[in-house]
Protein chains: 2
Amino acid sequence: MVKTVTILGSTGSIGTSTVKLLLENRDKFKVIALTANKNTELLAEQAKLLQPEFVATDAEAICEAASMKSDIVIAGIVGFAGLKATMKAIERGATVGLANKEAMVCAGSLMLQAAEKSGAKIIPVDSEHNAIFQVFDFKNPASVEKIVLTASGGPFRNLAAGELGKVTPEQAINHPKWKMGAKISVDSATMMNKGLELIEAYNLFPVKPEQLDVVVHPESIIHSFVHYNDGSVLAQAANPDMCVPISYVLGYPERLKNNSKRLDLTESGALHFEKPDYEKFPCLKLAQEVLGKAQSYHIVLNAANEVAVEKFLQREIAFTDIAKIVEKSLIAHKETKISTLNDVFAIDAEVRRNLP
Amino acid sequence: MVKTVTILGSTGSIGTSTVKLLLENRDKFKVIALTANKNTELLAEQAKLLQPEFVATDAEAICEAASMKSDIVIAGIVGFAGLKATMKAIERGATVGLANKEAMVCAGSLMLQAAEKSGAKIIPVDSEHNAIFQVFDFKNPASVEKIVLTASGGPFRNLAAGELGKVTPEQAINHPKWKMGAKISVDSATMMNKGLELIEAYNLFPVKPEQLDVVVHPESIIHSFVHYNDGSVLAQAANPDMCVPISYVLGYPERLKNNSKRLDLTESGALHFEKPDYEKFPCLKLAQEVLGKAQSYHIVLNAANEVAVEKFLQREIAFTDIAKIVEKSLIAHKETKISTLNDVFAIDAEVRRNLP
């Protein structure tokens, strides 16, 4: 049985890993559409290899691509930009491999509502949420006591807090374990990435805010833990390689064999775990604080962070200003009810407008 | 809904943990029968508290207890002695929490045949196999690439190989992580326990001998790993406490909440993994060697080991003689076909007869 696949953001890090897997499994998949933002050269190359029915590079065409019939959509567009297209895929009932955490952070409840209506299956691609998805007992959610997301701690885990004001974008992007895009690398350095993932987990899994926690695990081998009320803790581990969770989505509900380097724990030697430093990484603290608040706060947190990270990458602000900008936006925000995607867009736009 | 429970070996370490859980959940369980071997005082005390319908202390009555109707049987009799009664419980279609690894080692195929016929559900209680059971995808067994059992390494992990000839029963029984009976503690010290567990895993899960491996993990926090063909590795972790796997059996297919100390990995600090030393622990090597051989070899390995451990506990032989006795028995053995439980008993008896 050949499955049909669409990749939203096929030239990004999730997209290129997906393309690699599809090329290794040509007999199992047929590509319907590929989309990209700027890297048209790579997109053309991918299109030549995978022969999709449709290729898109502008916002409207990307939504069109998401709307075309396919079994699986890998939603790999980074940031708020990917939200609309991802929603199209959910509304038509696809199996959606969600790598776009900002979409889930900003419009989680709307996405789940849409998925329930259409029958879409949302499977997270983020390694942490994919790990949780693999070991969460959806039949007995009441037996889950706690979800613990692991965090690498980012490139500044061992840097003195006082040094953080001076770090450069180059230092922030140099992540110790994962090779990722610039925005998510900075988020990892501020630990806002883990904060967004807390909100994402809160939206994806039937748990309360106080049931979510973070542990720093510098080796990034165990990708998250689900604690059950009988004392059992289930976990998923793998070498840091996005092909692993993407394979999970492409193969679901079976598994898609891949060539990823297999885990050998005797090579890793020791796995370490420590509590996160909320003082040194205030972005994580801010995210945890808004977790139980109305969804509009999540949108503000995300929008302010996207703007601040961009400013940091442009060298307009210091690394430590990112948390300050996010905090200011949160303080200025007044809770708003979210009923439609337009409500989400309106809050997002307002936050961006108010940031100089 | 109240479940009915029988405990075979209620005064042993598995039995007393089970009794503790049943006393904590009196509204959820009704006890049908309790059995014990020698500790009649404790048995009487347990009977007073749990008010079973039947109490048994001799072999025949224990089999009768196992045959009485109950939803769950916790098979906690150590050694070959528990085999007959465990089989009775399987034959009548109970959910059997199998803590008797020797029974599964010696008569695995017969037990599985009987379970298939009667509809019995065999759930392993050994922490390693229980861990595997929790994360093994029985719907897609072909997607499992490897099962890795974790081993604490026992009390002599850091002792020089040359010192092993001099160790006493007291030293061998002093296990660093688990408080268990004398026989299983010695098995843990020789690592024959892990060898028996390899055979048990081979019988319990649909894998080939070469798909089974052992890793030494001194902290005994992660209880085993299942490696999938997409690079994902699923694992179960918990503090070393038999209440955790026993709760799993009592609650299955849901979970039974208990008061066990919850796992906090930031307390453990670091988890270590290393390859086992097969030269220093020849019992493990012997078990691995017979894994792919006929089942009669498994019976010989187990019987010779039971005899040798008893001799060591009686100070008749040295610690290092245990492996030598087992090896001699294996070399002397000629493969025999196993069709009935009597075939199992015959080989077991022959091995014991031939050991001076």
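Values reported hereafter were calculated over all heavy atoms of this structure, with side chains retained and with hydrogens, waters and symmetry mates removed. Everything quoted here is computed from the prediction, not taken from an experiment. First the proteins, then the strands, lettered A, B, ... as listed; each starts at 1.
For Phe225(A), the part lying near chain B is the side chain, with the backbone staying farther off; criterion is any non-hydrogen pair under 4.5 Å. Ile222(A) touches chain B through its side chain: at least one heavy atom from C-beta onward sits under 4.5 Å away, while N, CA, C and O do not. For Ser232(A), the parts sitting under 4.5 Å from any heavy atom of chain B are the backbone and the side chain alike. Using a 4.5 Å cut-off between heavy atoms, Glu267(A) does not touch chain B at all. Only the side chain of Val135(A) comes within less than 4.5 Å of a heavy atom of chain B; its backbone N, CA, C and O stay farther away. Residue Glu274(A) touches chain B through its backbone alone, counting heavy-atom pairs closer than 4.5 Å. With a 4.5 angstrom heavy-atom cutoff, Leu256(A) touches chain B only via backbone atoms. Neither the backbone nor the side chain of Pro245(A) comes within contact range of chain B; no heavy atom of the residue lies under 4.5 Å from a heavy atom of that chain. Looking at Asn130(A), neither its backbone nor its side chain comes within 4.5 Å of chain B, counting heavy atoms on both sides.
Within 6.0 Å of NZ in Lys280(B) there are more than 12 heavy atoms belonging to other residues, nucleotides or ligands. Residue Lys257(B) places its NZ atom among 12 or fewer non-hydrogen atoms of other residues, nucleotides or ligands, all under 6.0 Å distant. For Lys121(A), the NZ atom is loosely surrounded, since the number of other residues' heavy atoms within 6.0 Å does not exceed 12.
Leu271(B) contributes atom CG, which lies 12.0 Å from atom CD1 of Ile221(A) (distance to the nearest 0.5 angstrom).
Between Lys139(B) and Glu254(A) there is no side-chain heavy-atom pair separated by less than 4.5 Å. The closest side-chain heavy-atom distance from Leu234(A) to Gln134(B) is below 4.5 Å.
Arg262(B) contributes a side-chain N or O that, together with a main-chain N or O of Asn229(A), makes up a donor-acceptor pair within less than 3.5 Å.
Counting heavy-atom pairs under 4.5 Å between each of Ser260(B), Ala270(B), Ala237(B), Ser247(B) and chain A puts Ala237(B) at the top. Of the listed residues (Asp230(A), Asn258(A), Thr266(A), Asp137(A)), the one with the most heavy-atom contacts under 4.5 Å to chain B is Asp230(A). Ranked by heavy-atom pairs under 4.5 Å with chain A, the first of Gly231(B), Cys243(B), Ala238(B) is Gly231(B).
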message = Set out, in order, the CA-CA distance, both residues' side-chain angles and the distance that settles salt bridge (Lys or Arg N to Asp or Glu O under 4.0 Å) for Lys275(B) and Asp264(A), then state yes or no.
response = CA-CA 10 Å; Lys275(B) 289 192 202 308; Asp264(A) 179 350; 3.7 Å; yes
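Looking at every heavy atom in both residues, Phe273(A) comes nearest to Leu265(B) through CB-O, 3.6 Å.
Not a single ring pair (Phe, Tyr, Trp, His ring centres under 6.0 Å) links His227(B) to another residue, sequence neighbours left out.
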